[in-house]
Structures are given as structure tokens and as C-alpha cells.
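So the structure is just underneath, and the comments pick up after that.
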Amino acid sequence: MKIKAINGFKDILPEEVALWRQLETTAREIFRCFGVEEIRLPILEKTELFARSIGGTTDIVEKEMYSFTDKGITLRPEATASLLRAYIQHGFHVRQPVQRLFTIGPMFRHERPQKGRQRQFHQIDIEIIGGEEPAIDAELMAIGQLFLTRLNLEVSLEINSLGCTRCRPGFRKSLIQYLNDYKEQLCDDCKRRLNSNPLRVLDCKSRTCKALVQDAPSILDSLCDDCDRHFSTVQEHLDNLGVVYTLNRFMVRGLDYYCRTTFEFLTSDLGAQAAVAAGGRYDGLIEQLGGPKNTPGIGFAMGMERLTLLMEQQQKETVPVRANIFVAALGEAAIKHGSSLIYQLRKLGLRADIDYKDRSLKAQMKQAGRTNARFTLIIGEQELEQQKGILRNMDTKEQTPFPLLESTEHQAEQLRQLIRTS
RNA sequence: GUGAGCGUAGCUCAGCUGGUGGUAGCUCCGGGUUGUGGUCUCGGUGGUCGUGGGUUCGAGUCCCAUCGCUCACCCCA
């Protein structure tokens, strides 16, 4: 019986890693320009942290967490809670009024896997803590859009406001009232949602629910003055920065802590998983977790599996990895010389390979081709004797003698010069 | 948790109403080139047909169970 990776947990293979690195590198470059600092967080936290932040009655906390119940700890299902915990624990609020932080890593949710959804999945998570100014909301979305543009990905940005603890309850009430009149026409899921989370009915996929909800009261009409002003200023700032977006009053969030501005970067190329990045404002959360009072925050997470899937689909060419030198050595003495030489080359920071199996030259040339080497240095008994290797340019097929005099260190230096100028 | 569709070589897949596992393609190894790659050509390695029962003279094929995978619902990044 072969042992396989468990369901929902995937290996990221060498040929896939290039995409992941491209994601991470691009993120780091852009975040640096925006003054966003990296923080690295543990993947295990007290279960209570997630219950208090995400919400005790959400699906994530109720049935999707990987918990060690005997120890009261849980593999994190998302990053925001951990990041805020660290922010509070280390007293970040005294460092500077507005703190920009990001983290990259695995998250865990016990859901049924499908396209773009794994049980261990990876997110790039970014949070701006300590500012409630609408300009910050706009800046955060600009970061997301710039990042996705740099990756040559085509996605759209949709935004909405969920109001705050003052205005949302009123909207909730009027929505329930409206939906109750059409209760019989709602799908089974929405009948259930009507009690548990009525806002969710707004983004139901069922056609009849969608139609019903068109004439439902709009949350944007029931925002309090502060929330309304905040949201319209956010839009002014987005326009000011040239960030393109569309309003979607049906967009809601799955986690309890969100308020005011919410947004999603969407694609139609990933089947059911439309959102490649999503987030929003959570102004009361830090205080709720025991942090300093009146500390607002906003953030979003990008799903790396979804992004790499999109990159595979939308990006045209990938740049192949090139090796610099392959040493094709025939016979024991030549292998000894070659292994010393490639070690010197590697010390100089060059990618160099050799085949220790002492196979036929044809086989070794084939291997050289596989490593995509620029040059192959052929060393046989004759070449050793005459101290003259054959250097083959793999692209032009041109072959020139290469002196095997002095030390391999010296030879490596010669080769480095040659590669630089070629 | 619910529904549907698939499990045959490392990968992609043929395999008809049950009758000996495919010269299949890709990969890998070797020959053609006594010492020269990506193309070509010839040969070779590689399988408990997911697993366990059942029906049958005979099961990759039919039946049952079970495990696994995929997509979708739910939920969410």
C-alpha cells in the first residue's frame, strides 16, 4: 500500500515552485514600496482566538477547524486573527499610529476540496492597522490591484459597505422583513440562512433568490451618516488613484468581524472560486481581542493556489531555468577532475552539473540538454592527457578547446569570464 | 455534511454484447553515431487493471461493498 498525501493537502512540485516564487517576490517588492513590513507568525494558536475573532457561529469555527481539543489549540484557518494577536501582544500601537504588516503562509480548513480550494491552502495576508481614514481603504485596494496587474492577471474589483454596529442591525431587520414575504420562493439553503445569516441570502447563487434579492432593500441606502460619508470618500480616493472598481451591494462577508468597506478581486476563469483576493474593514476587532481601544483596521487575503492557477491560465510564457555549465566526463580520472571543477564553479555562484554514472557521451549530452546548459565541457582520457578539454556552446554547437592547466579553481575563473562575455 | 462523474504503466489514455493486459503516446534506459544533446529511427524497462467479496468454465469488463480522486453544492481566499 503506497502512502499518499492526505486529501486536500498537496505537494507543490519543482516545476510549480517558479510560479509560487514569482508570487512571493512580486508581493514583497510591491509591499516594500508601500511601507508594508513582513511578520512571520506561528500556525498554531489558542482555539479561543479564532472563536472570538471569526465568530463562534460561523461555519469555519463550527465545523472546519483542525483543532487539538485536548490541548485547546487550532491550526489557523486564516491569518488576520493571528496577526492582530501579535500586534496586540507586542504593543505595536506605540511604535507608530498606522502599522502596515503582511504575512505569507499556510492556512487550514477542513472543507471538501475542489478546484482552487484545498484543506491546506496558502495566503498572502496584508493588514493596515490604526487608521480609519478612507484614503487607507483606497490605498489598500490599490496595493491589491497593482500586485495583480504586475502579475499580468485580469481580475475585477468589486466593493461594498457593510455598515457598522449602529446601522447594520436596522438593515438586517428590514431585510428579514422583506425576505419573509417571499420565504416560500427561497431555496432551501436561503430558508436556513434567513435565520442564521440573512445577509448571505444577498449573494446566493440560485437564480430565483438572485431575482428576489434585486428588489430587496439596499444596504447602501441604510448606512448611517458616518458610514455613508466614509464609503463615498473611499470611492473618491479610488477615483483619485485611478483604481477601477464596480459597486456591488450584494457582496457580503463570511466572517463576523467585518464592517464598513468590503471588497473582492474576482475572476471568471476559475470555475466556482471567483474570489482570488478579498477582505475589508474590521474596526472593532482589535479592541474585542483585548487590544487598545478605538484601533481601526482593514486588510485582505489573497489565495495563492487560486492565483497560481490563474497565472498558469492567463500568463503566456515562462522563462526556462538555465544551467551554466555541464561537465561531460568520461572515465574515473575525468570525473574526478570534473567534480572538482564544478565545485569551484558552484562556489563562484554558477549553476554547474555533472553525471557521476560514467555513462556514454551521448547519454551525458542528453543530460546536458535536460539541464538546459549554456556550455558543456567534454573531458575524456585524451583531453586529460593533452590538458585540453572541449568546450561546446550548446546553442551554436560551436566547439573550442579549453585548457585544463593549473588548478580547477583557475579553470572555473576562466569559465566564469567566458560565460559573462557570451 | 450533500450530489454527480471517474479509478488500467511515473504521466495521458485505448480496451466492443465477459474469452491471453495495449507494437498506444509521453517520460526513462540503450542501440543506430567504436566519443557529441534537443529532431529522426530501432529496441528495452515499467502493471497485484484502486481494494475486498460475489456471479461465471472464465471478470479490466457484470453485481455488491469499501477506499481514493475530481467537479459542483455548502462555505470561503
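Order of the sequence lines fixes the chain letters, A, B, ..., with proteins taken first and strands second; residue numbering starts at 1 for each chain. These figures come from a predicted structure and were not determined experimentally.
- A:Asp137 is listed as a side-chain neighbour of A:Met141, based on a closest heavy-atom distance under 4.5 Å.
- With a 3.5 Å ceiling on both atom-pair distances, B:rC16 lacks any Watson-Crick or G-U wobble partner.
- Side-chain to base pairing of A:Arg112 with B:rC73: no donor and acceptor N or O lie closer than 3.5 Å to each other.
- Within 3.5 Å, a donor on the side chain of A:Lys397 pairs with an acceptor on the base of B:rG38, or the reverse.
- Using a 4.0 Å heavy-atom distance criterion, A:Ala373 is classed as making no nucleic acid contact.
- For B:rG58, there is no paired base (Watson-Crick or G-U wobble, both distances below 3.5 Å).
- With respect to A:Arg100 and A:Glu139, a salt bridge is recorded, a charged nitrogen being found less than 4.0 Å from a carboxylate O.
- A distance of 9.0 Å separates CZ of A:Arg76 from CG of A:Asp125, quoted to the nearest 0.5 Å.
- Rounded to a whole angstrom, the distance from the P atom of B:rU8 to that of B:rG50 is 6 Å.
- Only the C1' atoms considered, B:rC13 is 13 Å distant from B:rC49, to the nearest whole Å.
- Comparing the C1' positions of B:rU20 and B:rU61 gives a spacing of 15 Å, expressed to the nearest Å.
- Base pairing analysis places B:rU45 opposite nothing; no Watson-Crick or G-U wobble pair with both distances below 3.5 Å involves it.
- Not one side-chain nitrogen or oxygen of A:Gln367 sits closer than 4.0 Å to the OP1 or OP2 atom of B:rG37.
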Item to complete: Go through the steps for A:Ile219 and A:Val252 under the test side-chain contact (heavy atoms from CB on, under 4.5 Å), then give the verdict.
Response: CA-CA 10 Å; A:Ile219 187 153; A:Val252 294; over 6 Å; no
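- In this structure B:rU2 sits in a base pair with B:rA72, meeting the Watson-Crick or G-U test at under 3.5 Å.
- For B:rA72, the OP1/OP2 oxygens have a side-chain nitrogen or oxygen of A:Gln114 closer than 4.0 Å.
- At a threshold of 4.0 angstrom between heavy atoms, the contacts of A:Glu62 with the nucleic acid are absent.
- Nucleotide B:rA9 is matched to nothing when pairs are restricted to Watson-Crick or G-U wobble geometry with both distances under 3.5 angstrom.
- Proximity of A:Arg117 to the phosphate of B:rC75: no side-chain N or O atom is located under 4.0 Å from OP1 or OP2.
- Between A:Ile390 and A:Arg359, the residue anchored closer to the 5' end of RNA chain B is A:Arg359, taking for each the nucleotide with the nearest heavy atom.
- Heavy-atom distances to RNA chain B give each of A:Arg392 and A:Arg119 a nearest nucleotide, and the one nearer the 5′ end belongs to A:Arg392.
- Nucleotides B:rU45 and B:rU34, compared at atom P, are 25 Å apart to the nearest Å.
- The shortest distance between the side-chain N/O atoms of A:Arg370 and the OP1/OP2 oxygens of B:rC28 is below 4.0 Å.
- Here B:rA72 is the nucleotide among B:rG32, B:rA72, B:rA77 with the atom lying nearest to any side-chain atom of A:Ala272.
- Residues of residues 182-198 of chain A having a heavy atom closer than 4.0 Å to RNA chain B, listed by number: A:Asp189, A:Arg192, A:Arg193.
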Item to complete: Assess whether salt bridge (Lys or Arg N to Asp or Glu O under 4.0 Å) is satisfied between A:Arg322 and A:Asp395, documenting all intermediate values.
Response: CA-CA 12 Å; A:Arg322 290 216 77 168; A:Asp395 299 328; 3.1 Å; yes
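- Of the candidates B:rG32, B:rC29, B:rG35, B:rC29 carries the atom nearest the A:Lys366 side chain, counting heavy atoms from C-beta on.
- For B:rA72, neither phosphate oxygen OP1 nor OP2 lies less than 4.0 angstrom from any side-chain nitrogen or oxygen of A:Lys115.
- A salt bridge links A:Asp283 with A:Arg281: the closest approach of a Lys/Arg side-chain nitrogen to an acidic carboxylate oxygen falls below 4.0 angstrom.
- Using a 4.0 Å heavy-atom cutoff across all strands shown, A:Ala278 reaches sugar-phosphate atoms only and no base atom.
- Here the side chain of A:Gln273 is nearest to one of B:rG35, B:rA72, B:rG37, namely B:rA72.
- Each of A:Arg260, A:Glu133, A:Glu132 was compared with A:Pro296 under the side-chain contact (heavy atoms from CB on, under 4.5 Å) criterion, and only A:Glu132 meets it.
- Distances were taken from every side-chain heavy atom of A:Gln399 (C-beta onward) to each of B:rC74, B:rG35, B:rU36; the shortest belongs to B:rU36.
- The aromatic rings of A:Phe31 and A:Phe102 sit tilted, their planes meeting at an angle between 30° and 60°.
- OP1 or OP2 of B:rG68 has not a single side-chain nitrogen or oxygen of A:Asn7 nearer than 4.0 Å.
- For the residue pair A:Ser67 and A:Thr69, no side-chain donor N or O sits within less than 3.5 Å of a side-chain acceptor on the partner.
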